[in-house]
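Everything below concerns the one structure shown next.
Note that ligands are numbered from 1 as they come in the structure, with each ligand's atoms numbered from 1 the same way.
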Amino acid sequence: MSDRALVMGVLNVTPDSFSDGGRWNDAEDAVAWGLQMFGQGAAIVDVGGESTRPGAEPVDPQEELRRVLPVVRALAPHGRVSIDTRHAEVAEAAVSVGATIVNDISATLAHVAGRLGVGYVAMHMQGDPPTMQDAPSYEDVVAEVHGFLAARAAEARDLGASEVWVDPGIGFGKTIEHNLALLASLPELVDAGTPVLVGASRKGFLGALTGGAAVDDRLEASVAVATWAFACGVDAVRAHDVEPTVTAGRLVMGITRTGAAA
Ligand code: HH2
């Protein structure tokens with residue numbers, strides 16, 4: 001059970017991210033929004049230059065670098081910045097200009113975080129973004145994802161990452177039922193001892209569960225899942241809507257810390 005409720009604000013410097021794609025193409029706009037998220041209470045701003053939504057095509061690392069580096073460099077003096085990438089050269093360059101966490105949806109970059117002595121997020125994904133939602137299948141989704149994450153976390157610690165989080169990868173090669181099973185199993189994942197990060201913000205399963213709400217109409221559902229996750233004891237939630245997610249985290253901390261001690 002974490003004694004904090006961190007919010008990681010999402011900042012996609014991409015033309016095609018499923019929610020904020022195209023909004024922050026201009027580096028100055030992206031930096032302004034990142035600063036605003038810090039002002040709203042984001043503990044971390046997560047900068048990404050490649051959409052990994054279902055069906056997304058891979059981006060050349062050179063193009064990814066062009067998108068993210070100016071933004072990471074400008075934001076890093078103002079707060080903690082993570083780099084959301086699957087490419088070692090992008091992770092390394094972002095750290096060289098101030099990122100202190102490698103947020104790795106491929107769970108293959110622990111050696112980079114370890115060598116550079118920075119934080120590391122290992123996320124679970126089945127398959128790859130272009131096809132991962134075609135036919136996700138597991139014998140036992142909770143056991144498989146938790147087992148995978150335990151192994152990746154141990155590896156990242158052995159390799160020297162300064163801090164390690166595990167993330168069940170909501171929506172990454174998962175049906176609605178898989179996502180719900182993983183959310184229901186958060187208390188177990190928290191009990192395993194590695195700090196947990198969860199990213200459900202505005203994702204497709206929330207639309208499906210709320211009568212077809214469009215991406216921009218998933219605020220309440222996103223905050224509801226964030227509240228659930230914090231109440232389960234996760235350390236951090238990745239969110240597009242930072243301010244209400246920070247409020248949710250504060251409330252849960254108030255109940256679980258102050259309320260439980262009264
Ligand atoms: N989800 C997305 C991207 N990165 N990283 C972690 N650790 N956990 C997540 O759940 C996660 C993530 C996908 O969301 P988004 O960045 O908003 O969209 P896109 O991939 O289209 O850029």
Could you check whether Glu64 and Thr85, counting side-chain N and O atoms only, form a donor-acceptor pair closer than 3.5 Å?
yes
Hydrogens and angles aside, do Ser82 and Asn103 bring a side-chain donor and acceptor to less than 3.5 Å of each other?
no
Do any nitrogen or oxygen atoms of Ser19 come within less than 3.5 Å of a nitrogen or oxygen of ligand 1?
no
Considering both backbone and side-chain atoms of Asn103, is one of its nitrogen or oxygen atoms within less than 3.5 Å of a nitrogen or oxygen in ligand 1?
yes
Check Ile105 against ligand 1 and report side chain, backbone, both or neither, counting heavy atoms closer than 4.0 Å.
side chain
Close-contact set for ligand 1 against Asn12 heavy atoms, below 4.0 Å
15 (P), 16 (O), 17 (O), 18 (O), 22 (O)
Going by atom types only, do Trp24 and Asn12 share a side-chain donor-acceptor pair under 3.5 Å?
no
Polar contact flag, side-chain donor to acceptor under 3.5 angstrom, Arg202-Ser222
no
Report yes if Thr14 has an N/O atom closer than 3.5 Å to an N/O atom of ligand 1; otherwise report no.
no
Taking everything shown except Arg250 itself, do over 12 heavy atoms lie less than 6.0 Å from its CZ?
no
If we only count N/O pairs under 3.5 Å, is Asp20 in contact with ligand 1?
no
Sub-4.0 Å heavy-atom approach of Phe172 to ligand 1:
yes
Give the residue, atom name and distance (to 0.1 Å) of the protein heavy atom nearest atom 20 (O) of ligand 1.
Thr52 N, 2.8 Å
Can you check which of Lys203, Arg238, His240 brings a heavy atom nearest to atom 16 (O) of ligand 1?
Arg238
I need the contact type for Asp167 against ligand 1. Using non-hydrogen atoms and a strict under-4.0 Å cut-off, is it side chain, backbone, both or neither?
side chain
Do His178 and Tyr138 have ring centroids that are under 6.0 Å from one another?
yes
Is there a polar contact, in the sense of an N or O pair closer than 3.5 Å, between Gly199 and ligand 1?
yes
Going by the order shown, which atoms of ligand 1 are within less than 4.0 Å of some heavy atom of Met123?
6 (C), 8 (N), 9 (C)
Which atoms from ligand 1 have a heavy atom of Ser17 less than 4.0 Å away?
19 (P), 21 (O), 22 (O)
Protein heavy atom at shortest distance from atom 21 (O) of ligand 1
Ser51 OG, 2.7 Å
Met8 heavy atom under 4.0 Å from ligand 1:
no
Quick one: does Leu159's side chain get under 4.5 Å of Arg157's, heavy atoms only?
no
Within the 6.0 Å centroid threshold, strictly below: Tyr120 and His111
no
Counting from 1 in the order shown, the ligand 1 atoms closer than 4.0 Å to a non-hydrogen atom of Leu197 are 7 (N)
Return a yes/no value for Phe18: is any of its N or O atoms, backbone included, closer than 3.5 angstrom to an N or O of ligand 1?
yes
Can you confirm whether more than 12 heavy atoms, excluding those of Glu28, are under 6.0 Å from its CD atom?
no
For residues Phe38 and His78, establish whether the separation of their ring centroids is below 6.0 Å.
no
So that I can tick it off, tell me whether Asp16 and Arg53 are bridged by a salt bridge, with the cut-off set at under 4.0 angstrom between side-chain N and carboxylate O.
yes
In this structure, does ligand 1 have an atom that sits under 4.0 Å from one of the heavy atoms of Arg202?
no
